[in-house]
2 protein chains.
Amino acid sequence: MRDERFCASNCSFTRAIGTIGNKWKPIILNVIGTRTIRFGQLDSIVPLISRKVLTEQLKELEEDGLLERLAYKELPPRVEYKLSEKGLAFLPILESIKEWNCKYEVAPMPGEADKKSRINYARTV
Amino acid sequence: MRDERFCASNCSFTRAIGTIGNKWKPIILNVIGTRTIRFGQLDSIVPLISRKVLTEQLKELEEDGLLERLAYKELPPRVEYKLSEKGLAFLPILESIKEWNCKYEVAPMPGEADKKSRINYARTV
DNA sequence: TATTCTGGTTACCGCTGGGTAACTACAAAT
DNA sequence: ATTTGTAGTTACCCAGCGGTAACCAGAATA
């Protein structure tokens, strides 16, 4: 899901977009936030993502230095994820995206009836 | 390329990601910046994008209120794009992504020989 | 007359992103 | 002896993303 051509650009911004410019990574980073979280928790909190894709995204985030992975040598396995310094430094950007969207979003919210079935990934709305 | 399920979320952040969370839109917004630009210019400045996808992305950006489209009734046609207030308000976020990436990017740049063939979408590196 | 220029749109088609289901290891609980 | 729980991995398969090429209008230029 990383765009390799973007990541190979000589432009820092293009590389950044190649790294985090997809729909799942900002969501995952936002869900994790400042806490430590286990794989199964992520899997249930982010319901529309499949196990396979979640694994893949987490692996990429770790490779790109945004995420730290702690695997305990236990059975059944236990793995914990938390943001690295780099990942934590990205959170303010996510916050400004939230503020930006709240301020400028034009589309009115659909009726209340629809709200119940809506997705909600936010730690804080 | 918009994720409709994300856009239908009751979470403002998720909706925002559904709207601008793909690789092309941040690139396009960054390329346009504060200037007014024609379709053909975008097509040549962003070389890896196909005409078809560029059209589609511009249309979505316009629908989402980030972009203003000015079509002159001429032949051959002339169409100009510029960021709306909402789009302009997104530029600082792109800037902070640049700063973030410059500060934390770990992967060393490949050798100079490779740089020449690299993509460069930045107005300012 | 034929070509060029611009900003698309459309048909066709191949690739692959991503979903589902099955499977793994092994300890602990029933 | 069987089930449960965790964190994946793998094989299989299909929808749809996105690339390519052709086509359009109609004025201006050669």
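All chains are named by letter (A, B, ...) in the order of the sequence lines, taking the proteins before the strands, and each is independently numbered beginning at 1.
Distance from the side chain of B:Tyr81 is smallest to C:dG8 among C:dG8, C:dG18, D:dG19. Of the listed nucleotides (D:dA7, C:dG8, C:dT6), C:dG8 has the atom at the smallest distance from the side chain of B:Phe39. Taking every side-chain heavy atom of A:Thr55 into account, D:dG8 is the closest of D:dT20, D:dG8, C:dG17.
Looking at A:Asn22, its side chain does come within 3.5 Å of a backbone N or O of A:Lys25 through a donor-acceptor pair.
Proximity of A:Lys59 to the phosphate of D:dT9: a side-chain N or O atom is located under 4.0 Å from OP1 or OP2. Remark: A:Arg38 is in phosphate contact with D:dA7, judged by side-chain N or O atoms under 4.0 Å from OP1 or OP2.
Listed by residue number, the members of residues 65-80 of chain B with any heavy atom below 4.0 angstrom from DNA chain D are B:Leu75, B:Pro76.
Regarding B:Lys52, its NZ atom lies at a distance of 16 Å from the C1' atom of C:dG7, rounded to whole Å. Rounded to whole Å, atom P of C:dG17 lies 12 Å from atom NZ of A:Lys25.
Checked by distance alone, A:Arg51 brings a side-chain donor or acceptor within 3.5 Å of a matching partner on the base of D:dA7.
The ring of A:Phe6 has its center closer than 6.0 angstrom to the ring center of B:Trp24.
In this structure, A:Lys86 fails the cation-pi test against B:Tyr104, since its NZ or CZ atom is not both closer than 6.0 Å to the six-membered ring centre and inside 45 degrees of the ring normal.
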